[in-house]
Amino acid sequence: MDIITKLKQLIREAISKAGIEVNLDEIIIEHSKDLAHGDYATNAAMKLCRYFHKAPKEVAEIIKNNLTLDGIDKVEIAGPGFINFFMKNDSLQPIVKKIIDEKDQFGRGEDKNFKINVEFVSANPTGDLHVGHARGAAIGDSLCRILSFAGYDVTREYYINDAGNQINNLAKSLEARYRELLGLPFSLPEDGYHGEDVKNIAKIIIDDIGDKALSFSYEKRLQFFKEEGIRLELEKIKKDLKAFGVYFDVFSSEIKIRSNQAVENELDYLANYIYDDGDAKVLKTTAFLDDKDRVIVKSNGDYTYFLPDIVYHVNKMSRGYDQLIDVLGADHHGYINRMKSALMMHGYTKDALEVELIQMVRFIKDGQELKASKRSGDAITLREICEEVGVDAMRYFFAMRAASAHLDFDMNLALEQSSNNPVYYAQYAHARLSSILEQGKDIPLDISASNCSKNSEIALLKHLANFPNVVLDSAKERAPYKITNYIHELAELVHGFYTECRVIDRDNINVSASRLALCLASKQVMKNALNLIGVKAPEHM
RNA sequence: GCGCCUCUAGCUCAACUGGAUAGAGUGUCAGACUACGAAUCUGGAGGUUACGAGUUCGAUUCUUGUGAGGCGCGCCA
């Protein structure tokens, strides 16, 4: 039984001895922020004062007097009525052995038997990923890693919009660039894609098949450029994502979603919620959460983006997930209630789909907002920015803040390879531990860590033991930034420990053996934590 | 005009979901290496949590009003 559960039980016994029966759901046991407040604290007395009809401090006194001190060194009442628990120190050391035994599995939550589908990035295959996608990719991926580590069954999914208008524009743009490169007259469509990127793809196609496509009929040629364009763009996107440490289990294609009459069947299914507006068909989403009904079939008979997307989400639900999560840019927030309403028409609850909104990022360099790429004049690509500031810094900076917070990305800070940079601060702690362990490798470890009792060692032990809770909390709150907070504190404690305690001391091998074990455990946890946000844990820097 | 998000130290953000003296980084000031990595550590200064009202033992957190900023409000995707 972990310490928190045990404390709760002791408190429950104390209350019941005092003659009061209540449930304990409201009572929180927390790690004390301040050492003077002991190791753990509870607000039980404040929560229970109305049952006792007494002031919080008196209630705390009653609980204290009825408490069995099992594993507890002492109990104090403080402030408005907090009860602080000071644990016996020897209750902390065993965590070192546990970490060393479990290695990269330390912190993993038990299997929740709960299936979550996380859809993120889902950028249209019509050009390079740009910085706008970067934060969503980083947070989506980190979230998946955290959920999965916490014990959820996670599927990472990317939805490819390969059936809409923008793909036809891609095909036309490609065709034009193809002609241009072959020295033929060409005209770029007005709403087409004018970037370098499309030109490069045209080049690849010429290298591949030369001018053979000219012999196709115009219709067939467009179809050809459409398919090749999607394939090549997607290949590039996957490559960029891989370099960014992001991968997907499932790529769902809109074309496939639309096949087998699925859209038509959906129209039939929703018939009760559909009405005509002229030649268009409108879905009555206001029947549920939306503030406005939405067109799903245009006057010309084409479907709007919304309709196949409903089919797609219903498709995902039908695959047996307990929870869908969409990671979307904040500019899509108007879309949330629309989709939830559609799912409710299928009998799902409004919580079946959860949307994580990613707020905008501004890249700041030398005090100025960076808007366009110097090279092409277009939006800055993910690739460019990774080359400039490095993947680790990108991943850490994006994971560092709550998704809902607007974020200014300070490129000068991310570029700085110094103590100022939080990524290096954490990685340095890891490298430092590696270095110490390397130098002390001839000393046999004492994995009971029995000689670790200095303040900095105790603080570190407590923090290490808390890792599994942080993972769970971070997963539950969909908050990768809680992991980076943890990492930062861990680095701080490691550096503090290093300063206070000399690890390798040939004249005091017993203490060294314990401290080396603590180093190894700390290094392991640092690595596990960094891995959750896709940041490397280097042995040397 | 309506809706969503945001407002905390000079700057970028936390605060364990309603708890103790509101904390980190950065910047600034002052210190610490002839021993394991100074990419580190120790200390100081810096706050009416945008502003007002309410809810209660207790509010940065919840409700509400005002102000400021961002984003949406298509038969675009």
Side-chain angles (χ1 to χ4, degrees), chain A residues 26 28 30-34 36-37 41-43 45-47 49-50 55-57 78-82 84 124 126 161 163-167 191 254 277-282 291-292 294-306 308-309 329-337 357 359-360 362 364 367 397 400-402 404-410 412-413 416-425 427-429 431-440 466 469-470 473 477 481-482 484-485 488-489 491-492 494-496 498-505 512 515-516 519 540-541:
Chain A
E26 289 178 71
I28 293 168
E30 57 186 11
H31 291 81
S32 302
K33 293 175 211 164
D34 187 339
H37 297 147
T42 180
N43 60 356
M46 280 105 90
K47 288 288 178 199
C49 55
R50 60 196 148 110
K57 278 199 163 189
F82 285 100
N84 296 331
N124 292 344
T126 53
N161 292 120
N165 243 329
Q166 77 285 2
I167 292 294
D191 48 357
E254 186 182 349
D277 179 12
D279 291 332
K281 290 188 188 309
V282 182
D291 53 1
K292 199 170 163 184
R294 306 291 168 174
V295 173
I296 51 173
V297 181
K298 305 181 207 170
S299 308
N300 66 6
D302 285 351
Y303 306 137
T304 62
Y305 171 84
F306 186 35
D309 212 23
D331 51 343
H332 289 81
H333 71 252
Y335 174 81
I336 300 172
N337 283 337
L357 285 182
Q359 284 294 341
M360 301 293 154
R362 297 192 308 164
I364 309 285
F397 273 61
M400 192 160 72
R401 302 297 178 214
S404 62
H406 298 259
L407 174 66
D408 281 357
F409 191 109
D410 183 341
N412 300 81
L413 178 60
E416 212 169 312
Q417 306 222 339
S418 78
S419 59
N420 302 341
N421 189 328
V423 191
Y424 285 90
Y425 185 73
Q427 291 184 322
Y428 177 60
R432 206 178 212 186
L433 291 170
S434 299
S435 170
I436 296 169
L437 285 161
E438 177 63 25
Q439 289 178 48
N466 200 28
N469 297 329
V470 173
D473 187 40
E477 299 294 325
Y481 74 87
K482 297 205 172 195
T484 56
N485 284 355
H488 189 265
E489 273 173 60
E492 238 169 16
V494 165
H495 290 310
Y498 173 89
T499 307
E500 189 189 14
C501 303
R502 170 140 193 103
V503 177
I504 297 172
D505 179 355
S512 288
R515 289 182 176 165
L516 280 166
C519 284
H540 307 283
M541 293 174 69

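Naming convention: chains lettered A, B, ... in sequence-line order (proteins, then strands); numbering from 1 in each chain.
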Worksheet item: Which part of the nucleic acid does A:T304 contact within heavy-atom distance under 4.0 Å: base, sugar-phosphate only, or nothing?
Response: sugar-phosphate
Practice prompt. Pick the C1' atom in B:U21 and in B:U12, then give their distance to the nearest Å.
Written response: 24 Å
Worksheet item: Which is true for A:T499 with a 4.0 Å heavy-atom rule: it touches a base, it touches only sugar-phosphate, or it touches nothing?
Response: sugar-phosphate
Fill in: Glycosidic class, syn or anti, of B:C51 using a 90° window around 0
anti
Worksheet item: Taking for each residue the nucleotide of RNA chain B with the nearest heavy atom, is it A:G278 or A:A429 whose nucleotide lies nearer the 5' end?
Response: A:A429
Discussion item. Is there a side-chain contact between A:R515 and the phosphate of B:C36, meaning an N or O under 4.0 Å from OP1 or OP2?
Written reply: no
Worksheet item: Can you tell me how far C1' of B:G72 sits from CG of A:N337, to the nearest Å?
Response: 13 Å
Fill in: Nucleotide nearest A:K482 when distance is taken to its side chain, options B:A15, B:C75, B:C36
B:A15
Response to the item:
Hits for salt bridge (Lys or Arg N to Asp or Glu O under 4.0 Å) against A:E492, two or more places apart or cross-chain, chain-then-number order -> none
Discussion item. Reading RNA chain B from 5' onward, which residue's closest nucleotide shows up sooner: A:H332 or A:R294?
Written reply: A:R294
Practice prompt. Between B:U61 and B:A22, how far apart are the C1' atoms? Round to whole Å, please.
Written response: 12 Å
Worksheet item: Taking atom C1' of B:G58 as reference, at what distance in whole Å does atom CE of A:M46 sit?
Response: 8 Å
Worksheet, complete the sentence: Smallest heavy-atom separation, A:S512 atom then A:D505 atom, equals OG-N, 2.8 Å
Worksheet item: With distance as the sole test, does A:Q359 use its side chain to make a donor-acceptor pair with the main-chain N or O of A:A402 at under 3.5 Å?
Response: no
Discussion item. Would you measure the distance from the C1' atom in B:G54 across to the matching atom in B:C16 and give it in whole Å?
Written reply: 27 Å
Practice prompt. Assign A:C519 to base, sugar-phosphate, or nothing according to its heavy-atom contacts below 4.0 angstrom with the strands shown.
Written response: nothing
Worksheet item: How close or far is atom P of B:U56 from atom CG of A:N43, stated in whole angstroms?
Response: 19 Å
Item to complete: Check A:V494 against A:A429 and note the closest heavy-atom contact, atom names and distance.
Response: CG1-CB, 4.2 Å
Discussion item. On the nucleotide B:A24, are OP1 or OP2 found under 4.0 Å from the side-chain N or O atoms that A:Y425 carries?
Written reply: no
Between protein and nucleotides 3-5 of chain B, what N or O pairs are separated by less than 3.5 Å?
| unit_1 | atom_1 | unit_2 | atom_2 | d |
| --- | --- | --- | --- | --- |
| B:G3 | N2 | A:H333 | NE2 | 2.5 |
| B:C5 | O2' | A:Q359 | NE2 | 3.0 |

Worksheet, complete the sentence: Between OH of A:Y305 and C1' of B:G74 the distance, given in whole Å, is 15 Å
Discussion item. In dot-bracket form, 5' to 3', how is RNA chain B paired? Count Watson-Crick and G-U wobble pairs only if both distances fall under 3.5 Å, and write | where the partner sits on another strand.
Written reply: (((((((..((((.....[...)))).(((((.......))))).....(((((..]....))))))))))))....
Worksheet entry | Side chain of A:R401 (C-beta onward), nearest among B:C36, B:A77, B:C13 | B:C13
Worksheet item: In whole angstrom, what separates A:E492's CD from B:A39's C1'?
Response: 15 Å
Worksheet entry | Separation between the C1' atoms of B:U56 and B:A39, rounded to whole Å | 49 Å
Item to complete: Report yes if some heavy atom in the side chain of A:M541 is under 4.5 Å from a heavy atom in the side chain of A:Y428; otherwise report no.
Response: yes
Practice prompt. Scan A:N300 against the nucleic acid and name what it touches under 4.0 Å (heavy atoms): base, sugar-phosphate only, or nothing.
Written response: nothing
Worksheet item: Is the side chain of A:S299 donor-acceptor paired with the backbone N or O of A:D279 at a distance under 3.5 Å, no angle test?
Response: no
Worksheet, complete the sentence: In this structure, OH of A:Y303 is separated from NZ of A:K298 (nearest 0.5 Å) by 12.0 Å
Worksheet item: Counting just side-chain N and O atoms, does A:K292 come under 4.0 Å of either OP1 or OP2 of B:G72?
Response: no
Practice prompt. Nearest whole angstrom, please: distance from the C1' of B:G72 to the CZ of A:F306.
Written response: 16 Å
Worksheet item: Rounded to the nearest 0.5 Å, how far does OG1 of A:T304 lie from CD1 of A:I296?
Response: 7.0 Å
Worksheet entry | Sugar-phosphate only, base, or nothing, as touched by A:H540 at under 4.0 Å among non-hydrogen atoms | base
Worksheet entry | Atom pair distance, as rounded to whole Å: CD1 in A:I436 and C1' in B:C36 | 5 Å
Fill in: Over all atoms of both residues, closest heavy-atom pair of A:V470 and A:K482
CG1-O, 3.8 Å
Discussion item. At 4.0 Å (heavy atoms only), tell me whether A:D331 reaches a base, stays on the sugar-phosphate, or touches nothing.
Written reply: sugar-phosphate
Discussion item. Looking at A:R515 and A:R502, would you say the former's side chain and the latter's main chain have a donor-acceptor pair under 3.5 Å?
Written reply: yes
Practice prompt. Identify whether any heavy atom of A:Q427 sits under 4.0 Å from a base atom; if not, whether one sits that close to sugar-phosphate; answer base, sugar-phosphate or nothing.
Written response: nothing
Practice prompt. Using a heavy-atom cut-off of under 4.0 Å over every strand shown, decide if A:A402 touches base, sugar-phosphate, or nothing.
Written response: sugar-phosphate
Worksheet item: Side chain of A:M541: nearest nucleotide among B:A39, B:A20, B:A38?
Response: B:A39
Worksheet item: Which heavy atom in A:I167 sits nearest to a heavy atom in A:N161, and how many Å separate them?
Response: CG1-O, 3.4 Å
Worksheet item: Considering only the C1' atoms, how many Å lie between B:G18 and B:G25, rounded to the nearest integer?
Response: 27 Å
Worksheet item: In whole angstrom, what separates A:H488's NE2 from B:U12's C1'?
Response: 13 Å
Discussion item. Side chain of A:Q166, heavy atoms from C-beta onward: which of B:A14, B:C36, B:A77 has the nearest atom to it?
Written reply: B:A77
Fill in: Whole-angstrom distance between B:G44 and B:G23, as gauged at atom P
13 Å
Worksheet item: Are A:V503 and A:L516 close enough, and set up right, to give a side chain to side chain contact (heavy atoms under 4.5 Å, CB included), and what steps lead you there?
Response: CA-CA 7 Å; A:V503 177; A:L516 280 166; 3.8 Å; yes
Discussion item. Would you measure the distance from the C1' atom in B:A14 across to the matching atom in B:U49 and give it in whole Å?
Written reply: 12 Å
Worksheet, complete the sentence: With the side chain defined as heavy atoms from C-beta on, A:N124 is closest, among B:A20, B:A77, B:C36, to B:A77
Item to complete: Could you tell me whether the side chain of A:N84 has a donor or acceptor atom within less than 3.5 Å of a complementary atom in the base of B:A20?
Response: yes
Worksheet item: Just checking A:Y481: base, sugar-phosphate only, or nothing, at a heavy-atom cut-off of under 4.0 Å?
Response: sugar-phosphate
Discussion item. Taking the C1' atom in each of B:U64 and B:U28, what is the distance between them to the nearest angstrom?
Written reply: 40 Å
Discussion item. Looking at A:Y424, I'd like to know whether one of its side-chain N or O atoms comes within less than 4.0 Å of OP1 or OP2 on B:G37.
Written reply: no
Worksheet, complete the sentence: Interatomic distance, CE@A:M400 vs NE2@A:H488, rounded to 0.5 Å, equals 9.0 Å
